[in-house]
*Asks:* 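My questions will all concern the structure given below.
It should be emphasised that the depicted structure is a prediction, and the values quoted were computed from it without experimental measurement.
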Amino acid sequence: EHSRLLQTAHEDVMSKFFQFVRGGCTHPKDSIDKLITAAKDLGSKLRQKRNGGVVNWAISLFEPTEKDLLTSIVAHITAIWSLMASDGSSNTDEHLRKPHAVQVVAILCGLGWTSGGFLNGSFVQVGTGEGKSVVLAVLAAVCGLLGVKPYVVCYSSYLSRRDEKDFKELLTALGADPFYGTFNECCEDVLMGKSLREEAEALLLTRSCSKRKAFSNASKRCLLIDEVDVFLDESFYGQQYLPSLKLDAKGLKGLTDQLWEGRGTMDKLTWEKVKKSEEYKKAVAVFAGFKSLFEEAVRSMIADLKYYKSGPKWTVDEEQLKDGTIRIGYVDQDAVDYTKVYEYGTLWALYEEYRKDDYPGDKEMREQKLAEALYLQFKLGQYSYTHLAMEEFKLIVGVSGT
């Protein structure tokens, strides 16, 4: 029964697709504009049928008229995608790109064609090289037309940036405003944003904080996971997202120099001795507004100084090093992340790199650059990746090649 439903829907999509592209081969720009307008009208009609109650779609069956609207929407989106690559030099569809049968069926499955509800936790397997990116882009476009913000999330920053660039024209034209990024970037966008860090910093430094805006409605977001099998491995499943606030802290230089120089006698470098030192007293005076937090930060610095070499392996940005600036990076999936900080292990990695004999600058530059790189770090919470997906997104689809 499922096969029959999908076959009928696939034939309906492709019939409409060819109808649209054949009429637009010679003047693609005019045809694209008309198709975009028509697609938006179809999305509006479907929203009106459900009175805008998108969240309820995940638990309700499609009516025949809704299915007809959805196949028309998919056909419009794929036709726009096809014509956007056309230069108008041919009056036939022979040389136009077309969605493969696997892609159309995957899109329909993702929409919940046979599972009873719109984007209702579907998992779709699409073989490597069979076009997962197109499937996700079309699903994102459908979401946009129905008033839902799509989050297209992948383990790879490179793949996310690539797909965002490849489908930007299509999705922007349809008003989808998608988010493309990694799992961590998704957490950042949904839970944190720049505003929360700014407010946390203001609270620490000025004791003032504006009223936090409530998170947006989870029913108005859809999570589209690329390579969902990676999300379910030990790197993410059961793990936590740990956001933090990083404050510039030039005023630490005297204290951190003292700690660094004492690293050879860690058994003597105790908290009791450090807090009595003149350098600690100078530093704590600079950060007197949050003395107790500063005390905990220094305790962490002492602990991390002992073990930083046995922590995650780091690399140095060679391009930045040419002008004397050292950026520490850590491998994250298939890329190097130069924004990641492992508490104060990263600070001591900076010290080690700046104090190497082959540093490409004089002593004055070295100490100035090092002072500018110093920081204090404060945790802002912890969130389960799995809990985030379940609580912050009512609509979820996973796509994978394995």
Side-chain angles (χ1 to χ4, degrees), residues 9-10 12-21 23-24 28-84 99 103-113 115-120 122 124 133-152 164 167-180 216-224 393-397:
H10 169 262
D12 189 21
V13 169
M14 294 311 296
S15 173
K16 293 172 180 175
F17 168 83
F18 283 115
Q19 176 187 338
F20 298 147
V21 296
K29 177 65 171 65
D30 294 339
S31 296
I32 288 170
D33 291 342
K34 292 177 182 177
L35 288 168
I36 289 171
T37 300
K40 290 180 177 179
D41 288 343
L42 289 168
S44 178
K45 288 179 181 178
L46 191 50
R47 287 202 307 273
Q48 289 172 8
K49 287 185 69 64
R50 292 295 179 113
N51 296 318
V54 178
V55 69
N56 297 322
W57 297 7
I59 57 173
S60 59
L61 296 170
F62 290 127
E63 297 174 0
T65 55
E66 292 174 333
K67 285 194 169 185
D68 185 61
L69 284 171
L70 273 172
T71 55
S72 293
I73 288 173
V74 172
H76 276 79
I77 295 168
T78 51
I80 294 166
W81 166 73
S82 178
L83 291 172
M84 280 181 168
Q103 292 172 324
V104 175
V105 170
I107 291 164
L108 293 169
C109 288
L111 289 171
W113 213 257
S115 63
F118 176 70
L119 297 166
N120 186 17
S122 300
V124 185
S133 298
V134 174
V135 173
L136 290 165
V138 174
L139 290 173
V142 173
C143 287
L145 291 170
L146 298 180
V148 179
K149 182 175 178 64
Y151 281 75
V152 186
E164 181 178 30
F167 297 103
K168 182 176 182 179
E169 182 183 11
L170 171 68
L171 295 168
T172 299
L174 292 167
D177 186 29
F179 171 91
Y180 272 88
S216 60
N217 191 335
S219 68
K220 293 295 185 181
R221 293 193 295 262
C222 177
L223 181 62
L224 303 171
F393 296 90
K394 297 301 182 186
L395 308 172
I396 303 175
V397 173

*Asks:* Restricting to non-hydrogen atoms, name the atom on Cys109 and the atom on Val124 that form the minimum distance, rounded to 0.1 Å.
*Replies:*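 Minimum heavy-atom separation between Cys109 and Val124: CB-CG2, 4.0 Å.
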*Asks:* Please name all residues satisfying side chain to side chain contact (heavy atoms under 4.5 Å, CB included) with Thr37, sequence neighbours left out, ordered by chain then number.
*Replies:* Asp41
*Asks:* Evaluate Phe167 against Val134 for side-chain contact (heavy atoms from CB on, under 4.5 Å), listing each step before the verdict.
*Replies:* CA-CA 8 Å; Phe167 297 103; Val134 174; 3.9 Å; yes
*Asks:* Not counting sequence neighbours, list each pair that qualifies as a salt bridge (Lys or Arg N to Asp or Glu O under 4.0 Å) and has a residue in residues 134-150.
*Replies:* Lys149-Asp177
*Asks:* Rounded to the nearest 0.5 Å, how far does CG of Leu146 lie from NZ of Lys45?
*Replies:*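 Atom-to-atom, Lys45:NZ and Leu146:CG are 14.0 Å apart.
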*Asks:* Test of understanding: with salt bridge (charged side-chain N to carboxylate O under 4.0 Å, His left out), list the residues that count as partners of Asp33, not counting sequence neighbours.
*Replies:* Lys29
*Asks:* How far apart are the closest heavy atoms of Phe393 and Cys222, and which atoms are they?
*Replies:* CD2-C, 3.8 Å
*Asks:* Begin with the C-alpha distance, continue with both residues' side-chain angles, and end with the deciding distance and a verdict on side-chain contact (heavy atoms from CB on, under 4.5 Å) for Met84 and Ile32.
*Replies:* CA-CA 7 Å; Met84 280 181 168; Ile32 288 170; 3.8 Å; yes
*Asks:* Distance from Thr78 atom OG1 to Ile107 atom CD1, nearest 0.5 Å?
*Replies:*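 The OG1 atom of Thr78 sits 7.0 Å away from the CD1 atom of Ile107.
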*Asks:* Mind checking side chain to side chain contact (heavy atoms under 4.5 Å, CB included) for Ser82 and listing every partner two or more places apart, or none if nothing turns up?
*Replies:* Phe17, Val21, Leu96, Arg97
*Asks:* Kindly determine whether Leu170 and Ile80 satisfy side-chain contact (heavy atoms from CB on, under 4.5 Å), including the steps that lead there.
*Replies:* CA-CA 7 Å; Leu170 171 68; Ile80 294 166; 3.7 Å; yes
*Asks:* If you compare all heavy atoms of Ala9 against all heavy atoms of Leu108, which two are closest, and at what distance to 0.1 Å?
*Replies:*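 For Ala9 and Leu108, the tightest heavy-atom pair comes out as CB-CD1, 3.6 Å.
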*Asks:* Ser72: what forms a side-chain hydrogen bond (donor to acceptor under 3.5 Å, both in side chains) with it, not counting sequence neighbours?
*Replies:*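 If we apply the side-chain hydrogen bond (donor to acceptor under 3.5 Å, both in side chains) test to Ser72, skipping adjacent residues, the hits are Lys16.
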*Asks:* Could you tell me if the side chain of Phe20 sits less than 4.5 Å from the side chain of Leu35, heavy atoms only?
*Replies:*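 In short, these two side chains touch, coming nearer than 4.5 Å.
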*Asks:* Taking Lys67's backbone N and O only, do any of them form a donor-acceptor pair with Thr71's side chain (distance below 3.5 Å, no angle check)?
*Replies:* yes
*Asks:* Could you check whether any side-chain heavy atom of Leu111 comes within less than 4.5 Å of a side-chain heavy atom of Leu139, counting everything from C-beta outward?
*Replies:* yes
*Asks:* Quick one: salt bridge (charged side-chain N to carboxylate O under 4.0 Å, His left out) partners of Glu169, sequence neighbours excluded?
*Replies:* none
*Asks:* Which value, rounded to the nearest 0.5 Å, describes the distance between Tyr180 atom OH and Leu224 atom CG?
*Replies:*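 That separation rounds to 8.5 Å.
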*Asks:* Dump the intermediate steps for side-chain contact (heavy atoms from CB on, under 4.5 Å) on Val152 and Phe179, then the final yes or no.
*Replies:* CA-CA 6 Å; Val152 186; Phe179 171 91; over 6 Å; no
*Asks:* Of all residues at least two apart in sequence or in a different chain, which pass the side chain to side chain contact (heavy atoms under 4.5 Å, CB included) check with Ala141?
*Replies:*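 If we apply the side chain to side chain contact (heavy atoms under 4.5 Å, CB included) test to Ala141, skipping adjacent residues, the hits are Ile77, Leu171, Leu174.
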*Asks:* Taking side-chain hydrogen bond (donor to acceptor under 3.5 Å, both in side chains) as the definition, give me every residue that meets it alongside Ser15, ordered by chain and number, with sequence neighbours left out.
*Replies:* none
*Asks:* Write down the atom of Gly110, the atom of Ser122, and the distance for their closest heavy-atom approach.
*Replies:* O-OG, 3.8 Å
*Asks:* Would you say Lys168 and Pro178 make side-chain contact, with heavy atoms under 4.5 Å?
*Replies:* no
*Asks:* May I ask you to decide if Leu145's main-chain N or O and Arg47's side chain share a donor-acceptor pair within less than 3.5 Å?
*Replies:* yes
*Asks:* Can you tell if the side chain of Trp113 reaches within under 4.5 Å of the side chain of Leu70, non-hydrogen atoms only?
*Replies:* yes
*Asks:* Please find the pair of heavy atoms, one from Pro150 and one from Ala140, that lie closest to each other, and give the distance.
*Replies:*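 Answer, listing the atom of Pro150 first, then Ala140: CG-O, 3.5 Å.
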